[in-house]
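Because only heavy atoms are used, hydrogens play no part in the values below, and waters and symmetry mates are left out as well, while side chains stay in. Letters A, B, ... are given to chains in the order of the sequence lines, protein chains preceding strands, and every chain is numbered from 1.
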Protein chains: 4
Amino acid sequence: MQKKILRTICPDAKGLIAKITNICYKHQLNIVQNNEFVDHRTGRFFMRTELEGFFNDETLLADLDDALPEGSVRELNEAGRQKIVILVTKEAHCLGDLLMKSVYGGLDVEIAAVIGNHDTLRTLVERFDIPFHLLSHEGLTREDHDKQVVELIDSINPDYVVLAKYMRILTPDFVRHYPNRIINIHHSFLPAFIGARPYHQAYERGVKIIGATAHFVNDNLDEGPIIMQDVIHVDHTYSAEDMMRAGRDVEKNVLSHGLYRVLGQRVFVYGNRTVIL
Amino acid sequence: MQKKILRTICPDAKGLIAKITNICYKHQLNIVQNNEFVDHRTGRFFMRTELEGFFNDETLLADLDDALPEGSVRELNEAGRQKIVILVTKEAHCLGDLLMKSVYGGLDVEIAAVIGNHDTLRTLVERFDIPFHLLSHEGLTREDHDKQVVELIDSINPDYVVLAKYMRILTPDFVRHYPNRIINIHHSFLPAFIGARPYHQAYERGVKIIGATAHFVNDNLDEGPIIMQDVIHVDHTYSAEDMMRAGRDVEKNVLSHGLYRVLGQRVFVYGNRTVIL
Amino acid sequence: MQKKILRTICPDAKGLIAKITNICYKHQLNIVQNNEFVDHRTGRFFMRTELEGFFNDETLLADLDDALPEGSVRELNEAGRQKIVILVTKEAHCLGDLLMKSVYGGLDVEIAAVIGNHDTLRTLVERFDIPFHLLSHEGLTREDHDKQVVELIDSINPDYVVLAKYMRILTPDFVRHYPNRIINIHHSFLPAFIGARPYHQAYERGVKIIGATAHFVNDNLDEGPIIMQDVIHVDHTYSAEDMMRAGRDVEKNVLSHGLYRVLGQRVFVYGNRTVIL
Amino acid sequence: MQKKILRTICPDAKGLIAKITNICYKHQLNIVQNNEFVDHRTGRFFMRTELEGFFNDETLLADLDDALPEGSVRELNEAGRQKIVILVTKEAHCLGDLLMKSVYGGLDVEIAAVIGNHDTLRTLVERFDIPFHLLSHEGLTREDHDKQVVELIDSINPDYVVLAKYMRILTPDFVRHYPNRIINIHHSFLPAFIGARPYHQAYERGVKIIGATAHFVNDNLDEGPIIMQDVIHVDHTYSAEDMMRAGRDVEKNVLSHGLYRVLGQRVFVYGNRTVIL
């Protein structure tokens with residue numbers, strides 16, 4: 001018996017749930033879990049169906065294509081362990097949490113490789129017996145460096161690319177190469193601060209809350225569809241450095257939990273938003 | 001065009017979603033929102049379907065009865081404004097929030113009456129032009145007092161009874177008279193404190209979190225199915241009185257939000273748990 | 001016996017706490033609570049001292065002036081009930097919470113008057129036997145309208161002016177008239193949205209967290225020193241209207257709690273930050 | 001120049017802050033940070049003073065003893081890196097977070113050794129080049145096993161003993177050997193569940209919040225003075241296993257943050273409470 005996840009996005013129409021679940025039923029597939037959402041503003045229908053049974057992918061997808069309205073997208077993927085590549089620079093906290101959870105439970109994921117533009121985190125990665133690749137950007141144009149990184153990632157062929165405090169701005173070519181497959185973690189503040197040293201700006205402004213946002217990278221580095229966010233409270237006794245220390249914990253938690261949802265094939269992107277089912 | 005909510009609880013079986021949504025489809029009803037949940041441990045299926053259209057309740061329910069497995073429960077209720085009666089003693093915070101939201105937005109509810117076993121809150125209630133009934137417990141047995149309260153409630157015939165800091169233990173007869181229809185708010189602590197003056201116990205123990213739980217009252221006053229919970233952080237500078245002051249805000253928020261979900265017909269009770277769809 | 005609060009801001013120096021508390025000691029005043037904070041980056045010292053006893057304000061302040069370094073600011077105010085004026089437009093939620101808490105406990109404050117630029121909230125205010133003044137902005141320049149509002153406020157002479165969803169931008173004259181004495185509540189988002197209909201922008205962007213900020217109004221309406229912030233989690237099922245509804249609860253809680261701290265004379269402003277002692 | 005932390009607990013009296021800071025002033029010590037708290041219910045005074053300068057410990061403490069009322073306790077300890085021993089069983093999450101933070105920043109601590117009653121976590125510990133000691137409890141009485149553990153800990157002489165999901169109940173002798181120096185992490189629920197498999201009990205009861213408590217172990221394993229607590233929201237879609245997975249993240253965060261405060265010499269124990277300065 002196999003376990004697969006069917007994801008459907010299509011224009012909303014009467015009877016869609018009935019149609020899709022009828023087809024699953026006809027194929028003798030058991031629905032383990034089913035979640036759907038209709039965005040009435042845009043008239044889009046989203047459904048995630050966790051199925052168990054013996055699959056004939058071809059006929060199942062053909063039946064769905066017959067039943068679904070025009071403009072539908074449906075994917076059928078195996079549930080379970082997926083493969084990621086992690087990109088890092090020098091900060092260890094997000095990487096460390098992913099390594100711990102991949103080995104000791106919490107994330108059902110294979111970390112196929114870690115790529116750093118500095119060598120700082122090699123030891124940490126190798127402690128966990130995972131290949132570390134140094135691809136220094138020194139002396140390279142952004143385009144040339146990204147080309148090398150993309151080639152290396154392509155040779156590994158991961159399901160997702162995770163930027164775990166990778167302090168480089170990706171070229172548009174890099175980003176377009178992995179649509180909705182690059183996940184980034186970004187600090188967040190209320191109010192927001194743009195530019196360099198955001199924690200220092202936040203300190204100057206006396207913010208009482210700092211947070212983090214996990215999101216897909218699509219166009220601008222920090223503006224793709226949001227997957228997950230969380231915050232913690234700080235106060236006037238926090239220096240900018242204290243805020244950074246506290247912020248690191250939020251960042252690692254939000255990235256891990258966001259990735260958990262992505263790996264569970266729960267995150268649907270449409271426009272600049274996500275639906276999480 | 002009408003809007004109704006269909007709620008189904010039944011033993012899990014293959015094709016249930018298909019069957020139910022097929023019937024709605026056949027009846028020319030539009031599914032505005034649909035949520036379902038399967039509890040695989042107990043094999044129960046739960047579905048909340050928000051429908052729009054022209055309803056023939058009788059034939060719709062008959063069709064459902066034909067299609068659903070034995071042991072199914074299904075309800076079809078109109079969506080929208082419902083009626084509650086609120087029971088109070090002396091504390092104003094929960095009552096005040098419900099009054100404000102019923103008049104100025106936030107809760108689509110008719111507060112048909114407020115019943116107090118003290119007269120303390122009469123002025124507040126009458127400020128909002130809502131009938132206040134004093135039913136003093138003085139000189140009455142618990143049974144006789146509760147009988148009076150039940151008679152008064154029955155004459156108003158509300159959808160739900162809300163205990164907004166009603167500091168009386170209900171008799172089993174009272175409780176059984178409104179199964180899954182009495183909502184209570186209760187303070188909560190980590191760890192829990194049983195007995196009198198819980199805030200003082202919490203203070204003595206130096207707890208760092210205090211909270212509140214909204215729940216249905218079924219058997220024991222504070223042990224019915226949980227609808228919603230929330231907490232706030234406190235520290236050693238809080239006296240027992242400060243904790244109480246802070247706790248009141250959590251209590252009122254949790255009760256209002258819990259009631260919001262109940263009024264939206266989103267809360268399903270089974271056993272001592274709730275499923276919120 | 002009286003209770004007063006001494007607030008000191010001065011350049012940091014060795015022995016400050018000793019000097020100040022020695023003087024209190026010499027004056028036979030009991031220190032009920034003392035909190036201090038040193039901002040080592042700017043070399044500022046902040047202290048809040050809650051004192052009990054029989055006060056000779058003049059000699060106490062003179063002794064302090066002798067002991068404290070140049071550039072010191074010290075204030076001695078009675079602890080306890082203070083007076084506010086609330087400005088509103090049409091939304092009731094923040095106003096309602098302040099009214100409830102001023103009458104039924106939670107805020108030790110006298111709401112001397114409510115001023116509205118619309119008449120919408122007159123009934124609510126009058127339910128609580130508090131004077132409501134309509135000062136319509138219709139047909140007036142911003143300057144003329146603000147002049148009327150300031151005149152009315154001045155005639156009441158409150159300790160603080162609270163903007164409880166007052167949807168007008170204050171003129172610089174208004175703002176400068178009450179330095180560090182105007183408190184505003186502002187929605188907050190991660191990321192931030194500037195311009196009209198922020199909840200709709202937040203919806204479009206698919207944010208997972210919405211919040212509120214209570215702050216002093218000094219220069220720009222939404223950019224003064226932050227007093228308090230809080231957030232709640234939302235998800236893709238929230239429409240912009242749902243976000244607004246949820247946001248209202250955060251707004252009212254943050255405004256009430258922020259005001260609670262201000263009334264307790266716990267909030268020190270310096271630069272664009274606050275220290276809360 | 002050295003940095004030390006002076007901690008004072010004594011009966012409250014007039015002029016205490018003045019006396020203590022005067023002495024520091026006289027000794028030419030700079031007060032970097034000072035926090036105090038008076039518990040008016042019990043009449044106890046607590047003060048944490050971070051000092052910088054050249055210390056003559058003997059004369060400083062003698063001066064303090066002369067000045068402070070009878071029944072005072074004062075400690076003067078170097079600020080900075082302290083030494084811990086961690087006890088574990090089979091679960092990796094809390095241990096992993098402590099290892100990561102001790103090496104890569106977040107906790108200024110030397111993990112001198114990890115002791116396990118199972119060998120499961122040896123590899124993880126050795127990945128970080130820290131000694132792992134297996135002290136199996138098999139075939140030993142609780143007393144004999146604890147004696148071995150205590151002997152090993154004593155030979156290492158740590159500042160604190162951290163129970164990072166050590167699934168053994170300590171003997172009273174063990175506990176008394178390290179008063180206020182053993183830190184434990186414990187799951188917490190609203191309401192609380194006593195006995196085996198608490199996550200399964202919480203699931204059955206349909207709780208909406210799960211949490212964790214870091215506390216000192218003094219008498220009963222799970223009832224010592226609370227250092228820190230936090231919670232997360234869960235819902236009906238969480239199985240007992242999902243709750244456990246989510247709970248692990250809260251546990252590790254609470255233990256790390258609680259330990260951070262203890263290492264900063266910020267946690268004062270009195271009775272069964274803590275004051276955190």
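- Using a 4.5 Å cut-off between heavy atoms, Y203(C) contacts chain A through both its backbone and its side chain.
- Between E50(A) and K3(A) a salt bridge is recorded (basic side-chain N to carboxylate O distance below 4.0 Å).
- Contact of D39(A) with chain C is made through the side chain alone, with heavy-atom distances under 4.5 Å.
- Contact annotation for V38(A): neither backbone nor side-chain heavy atoms come within less than 4.5 Å of a heavy atom of chain C.
- With respect to chain A, the highest number of heavy-atom pairs below 4.5 Å among H236(C), K208(C), M228(C), H40(C) belongs to H236(C).
- Taking CD1 of I227(C) as the reference point, atom OG1 of T213(C) lies at 10.5 Å (rounded to 0.5 Å).
- Only the side chain of H233(A) comes within less than 4.5 Å of a heavy atom in chain C; its backbone stays farther off.
- In this structure, no portion of S239(C) lies under 4.5 Å from any heavy atom of chain A.
- Looking only at side-chain heavy atoms (C-beta outward), E204(C) and R41(A) come within less than 4.5 Å of each other.
- Separation of the Y270(A) and F46(A) ring centroids falls under the 6.0 Å cut-off.
- Looking only at atom types and distance, the side chain of E251(A) has no donor-acceptor partner in the side chain of N253(A) under 3.5 Å away.
- Remark: R142(A) pairs with R168(A), I169(A), T171(A) by the side chain to side chain contact (heavy atoms under 4.5 Å, CB included) rule, at least two apart or across chains.
- There is no contact between D235(C) and chain A, counting heavy-atom distances below 4.5 Å.
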